[in-house]
Amino acid sequence: MKFGAIKSTVLITLMVWGAAAFSEVPSKASNVGGIANTRHNLTQSYLGGNAGFMNLSRNDYGEVCVYCHTPHGANSSVALPLWNRTIKATTYTTYDTLGTSTLTQPVAQPGRNSLSCLSCHDGTVAVDSVINMPGSGKYQASQASSQSDSFLNAWPGGPGSSFYGGHGTLQVSNSAFNEYGQCQSCHSINGPQFSSATIPAFDVFYISTDLTNDHPVGIRFPAAGPGVDFNQPNRITGSVSFFDTDGNGRADAKNIRLYDTGNGYSVECASCHDPHGVPSNGAGSVTNPTFMRVSNTGSALCLTCHVK
Ligand code: HEC
Ligand code: HEC
Ligand code: HEC
Ligand code: HEC
Ligand code: HEC
């Protein structure tokens with residue numbers, strides 16, 4: 001099949017994209033009732049048959065959790081809950097290297113509560129790069145630190161067994177840009193297969209290994225003191241310090257938190273985001289946009305930490 005052939009199929013078969021009523025970001029995912037109805041369902045089953053477009057660049061494991069977690073054979077080289085993904089050794093360009101004159105706190109390489117997200121969002125690892133595939137026998141321990149395409153290709157009917165090959169990353173451009181294997185060949189405004197009428201652009205979701213244009217992560221939270229314009233979290237459980245807004249003593253999904261993984265209690269991606277989605281108004285309600293723990297309406301998320 002040629003690029004042109006695929007593109008016209010896309011145009012003919014797609015319904016209007018972006019009709020979901022409650023989501024800030026236009027999406028066919030309803031963002032109601034759990035992670036399966038969000039963009040973190042890597043099977044994209046909420047698209048029905050159109051999920052097949054993604055078969056060109058990722059294995060459809062037919063399960064939602066398995067792209068990140070496994071009940072057995074998890075990645076024990078990183079202290080993340082039953083982690084099923086490749087965490088490559090990567091050096092990130094941290095925010096402090098930008099050299100703003102205002103930063104006061106020490107910055108370390110992103111902690112594990114950021115590395116989890118970056119294992120997809122930095123664009124260096126395929127979204128389907130897991131250690132333990134569902135079903136017996138398809139397990140490879142070395143996947144914990146390095147991606148093996150031949151292992152991933154062992155998945156029946158996966159992209160590796162098709163003409164296209166390649167397991168897609170969220171990366172915008174590299175030498176493989178023109179292959180279907182890269183998600184961004186269709187989902188980037190610069191991608192050869194991009195069509196704004198039918199395909200959402202994900203350029204801004206590709207965080208990359210350069211974190212100088214992102215809110216700092218791996219950065220220590222300032223201690224209370226004269227002139228410190230930060231609210232202080234009111235509860236600590238082990239390595240997590242959090243704003244216990246409902247006073248139940250638990251770090252609930254909707255509680256903004258700081259993680260101590262060696263640099264003191266620090267801001268990480270999961271301080272602000274919960275990758276499973278957090279209902280905005282109790283069970284059954286639409287989730288806060290972009291997996292936020294707290295809706296940022298009126299900048300409420302920012303003002304949880306910052307006194308401004
Ligand atoms: C896109 C990746 C991703 C998917 C898919 C995913 N999780 Fe998670 N999950 C995470 C990350 C990352 C954390 C750790 C968050 C942190 O750093 O605090 C986590 C933590 C958890 C935790 C422990 C902390 C908590 O929030 O309760 C449980 C339990 C959990 N996940 C269950 C599930 C289940 C069940 C599914 C499938 C229905 C699922 N997850 C799907 C990424 C994912
Ligand atoms: C298994 C791969 C994977 C992991 C792990 C992962 N993501 Fe994602 N994320 C995606 C994909 C795929 C999308 C859909 C858009 C795209 O292709 O970039 C997405 C979309 C998002 C979006 C946009 C949601 C929207 O409403 O449009 C946010 C925000 C996000 N991820 C944050 C995170 C954070 C924070 C973490 C870690 C706690 C994380 N992700 C972990 C794959 C992943
Ligand atoms: C051959 C082109 C193509 C490739 C490659 C591709 N996609 Fe898609 N993708 C589409 C099309 C077309 C749609 C819209 C389907 C619809 O609206 O029903 C889509 C929709 C999506 C959506 C749902 C958007 C929403 O919220 O409504 C997500 C998430 C997604 N793709 C993720 C990915 C990921 C991750 C990869 C790489 C592993 C990828 N795609 C590779 C064509 C592609
Ligand atoms: C201090 C809070 C905070 C931290 C830390 C944070 N984010 Fe976000 N993130 C946000 C907010 C707020 C938005 C919504 C921005 C918008 O609507 O444009 C967002 C949006 C996103 C999006 C959607 C793209 C966009 O710009 O709208 C992705 C993907 C994402 N974040 C991933 C991450 C990853 C990965 C990390 C860690 C490297 C991270 N975030 C750390 C607050 C944060
Ligand atoms: C979890 C707590 C937390 C949240 C939520 C948070 N921040 Fe921050 N922010 C910090 C910390 C810690 C620093 C580093 C402060 C320092 O070095 O003095 C920081 C630094 C900053 C800086 C200064 C960067 C520099 O170069 O000096 C800006 C601007 C900023 N945040 C904006 C925001 C915005 C906008 C939001 C909401 C989208 C937000 N923050 C949400 C904790 C947070």
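Note: hydrogens, waters and symmetry copies are ignored here, and every other heavy atom, side chains too, is used. Predicted model only: the values in this text are computed from it and were never measured. First listed ligand is number 1; within each ligand, the first listed atom is number 1.
- Annotation: side chain to side chain contact (heavy atoms under 4.5 Å, CB included) contacts of Val307 (sequence neighbours excluded): Asp229, Asn231.
- Within the 3.5 Å criterion, the main-chain N or O of Gly168 finds no donor-acceptor partner in the side chain of Arg58.
- Each of the following atoms of ligand 2 lies closer than 4.0 Å to a heavy atom of Pro275: 38 (C).
- Atom-to-atom distance recorded for His215:NE2 and Tyr95:OH is 8.5 Å, nearest 0.5 angstrom.
- No donor-acceptor pair under 3.5 Å is formed between the side chain of Ser271 and the backbone N or O of Val267.
- In this structure, Ala270 has no heavy atom closer than 4.0 Å to ligand 2.
- When each atom of ligand 4 is checked for a heavy atom of His215 under 4.0 Å away, the hits are 1 (C).
- Per-residue contacts place Arg58 under 4.0 angstrom from the following atoms of ligand 3 (heavy atoms of the residue considered): 38 (C).
- Counted by atom type alone, Asp122 and Tyr206 present zero donor-acceptor pairs between their side chains at under 3.5 Å.
- Residue contact annotation: His273 places an N/O/S atom under 2.8 Å from atom 8 (Fe) of ligand 4.
- By the criterion of a heavy-atom distance under 4.0 Å, both the backbone and the side chain of Cys269 are placed next to ligand 4.
- When heavy-atom distances to ligand 3 are checked against a 4.0 Å cut-off, Asp128 has no atom that comes that close, whether in backbone or side chain.
- In this structure the side chain of Pro233 never reaches within 4.5 angstrom of the side chain of Phe242, judged on heavy atoms.
- Atoms of ligand 4 found under 4.0 Å from any heavy atom of Phe205, numbered from 1 in the order shown, are 23 (C), 24 (C), 29 (C).
- Using a 4.0 Å cut-off to heavy atoms of Val127, the atoms of ligand 3 that qualify are 38 (C).
- Of all atoms in ligand 3, listed by their number and element, those nearer than 4.0 Å to a heavy atom of Asn50 are 15 (C), 16 (C), 18 (O).
- Remark: ligand 4 atoms within the under-4.0 Å shell around heavy atoms of His121 are 29 (C).
- Those atoms of ligand 2 that come under 4.0 Å of a heavy atom in Cys68, given as number and element, are 1 (C), 5 (C).
- Within the listing of ligand 2, atoms 1 (C), 2 (C), 3 (C), 4 (C), 5 (C), 42 (C), 43 (C) sit less than 4.0 angstrom from a heavy atom of Cys120.
- Comparing Gln44, Met54, His167 by heavy-atom distance to atom 20 (C) of ligand 3, the nearest is Met54.
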Could you go step by step and tell me if Asn255 and Thr245 meet the side chain to side chain donor-acceptor pair (under 3.5 Å) rule? CA-CA 7 Å; Asn255 294 152; Thr245 46; 3.1 Å; yes
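- Atom numbering of ligand 4 starts at 1 in the shown order; those under 4.0 Å from a heavy atom of Ile207 are 32 (C), 35 (C).
- Near Lys28, meaning under 4.0 Å from one of its heavy atoms, ligand 3 places the atoms 16 (C), 17 (O), 18 (O), 25 (C), 26 (O), 27 (O).
- Distance check: Thr169 OG1 to Gln147 CD gives 8.5 Å after rounding to the nearest 0.5 Å.
- A donor-acceptor contact closer than 3.5 angstrom is absent between the side chains of Gln109 and Thr91.
- The aromatic ring centroids of Tyr67 and Tyr61 lie less than 6.0 Å from each other.
- Within the 4.0 Å heavy-atom criterion, neither part of Asp214 lies near ligand 4.
- Contact between Arg85 and ligand 2 is present, with at least one heavy atom of the residue lying under 4.0 Å from the ligand.
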Run the side chain to side chain donor-acceptor pair (under 3.5 Å) check on His69 and Asn84 step by step: do they pass? CA-CA 5 Å; His69 305 288; Asn84 198 23; over 6 Å; no
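- Heavy-atom contacts of Ser116 reach the following atoms of ligand 2: 5 (C) (cutoff under 4.0 Å).
- When non-hydrogen atoms are compared, ligand 2 lies under 4.0 Å from the side chain of Leu42 (C-beta onward) but not from its backbone.
- Distances from ligand 2 to the non-hydrogen atoms of Cys183 include no value under 4.0 Å.
- Counting heavy atoms under 4.0 Å from ligand 2, residue Leu170 touches it through the side chain alone.
- A donor-acceptor pair shorter than 3.5 Å cannot be found between the side chains of Thr97 and Thr94.
- Looking at Arg39, Gln184, Met292 and measuring to atom 14 (C) of ligand 2, the nearest heavy atom belongs to Arg39.
- Close approach of ligand 4 to Leu301 is summarised as follows: ligand atoms under 4.0 Å from at least one heavy atom of the residue are 12 (C).
- Close contacts of ligand 4 with Glu268, meaning ligand atoms under 4.0 Å from a residue heavy atom, involve 5 (C).
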Using the rule given for side chain to side chain donor-acceptor pair (under 3.5 Å), can you reason through His167 versus Asn153, listing the C-alpha separation, both sets of side-chain angles and the distance that settles it, and then say yes or no? CA-CA 9 Å; His167 296 266; Asn153 289 349; 2.6 Å; yes
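- Closest heavy-atom approach to atom 38 (C) of ligand 2 within the set Ser27, Cys117, Ser129: this belongs to Cys117.
- Under a 4.0 Å criterion applied to the non-hydrogen atoms of Thr198, ligand 3 contributes the atoms 14 (C).
- Applying the ring pair (Phe, Tyr, Trp, His ring centres under 6.0 Å) test to pairs two or more places apart or on separate chains, those with a residue in residues 274-308 are His40-Phe291, Phe230-His306.
- No side-chain heavy atom of Thr287 sits less than 4.5 Å from a side-chain heavy atom of Val278.
- Without hydrogens or angle criteria, Asp96 side chain to Val107 main chain gives no donor-acceptor distance under 3.5 Å.
- Here is the list of ligand 4 atoms found below 4.0 Å of a heavy atom in Thr290: 14 (C).
- When heavy-atom distances to ligand 4 are checked against a 4.0 Å cut-off, Val267 comes that close only through its side chain, counted from C-beta outward.
- Interface atoms of ligand 3 facing Pro200, defined by a heavy-atom separation under 4.0 Å, are 24 (C).
- Within the 4.5 Å cutoff, no side-chain heavy atoms of Ser266 are placed close to those of Ile219.
- Contact annotation: for His187 versus ligand 2, there are no heavy atoms closer than 4.0 Å.
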Verdict with reasoning, Asp252 to Lys254, per salt bridge (Lys or Arg N to Asp or Glu O under 4.0 Å): CA-CA 5 Å; Asp252 300 321; Lys254 63 184 177 199; 5.2 Å; no
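- Here is the list of ligand 3 atoms found below 4.0 Å of a heavy atom in Leu56: 1 (C).
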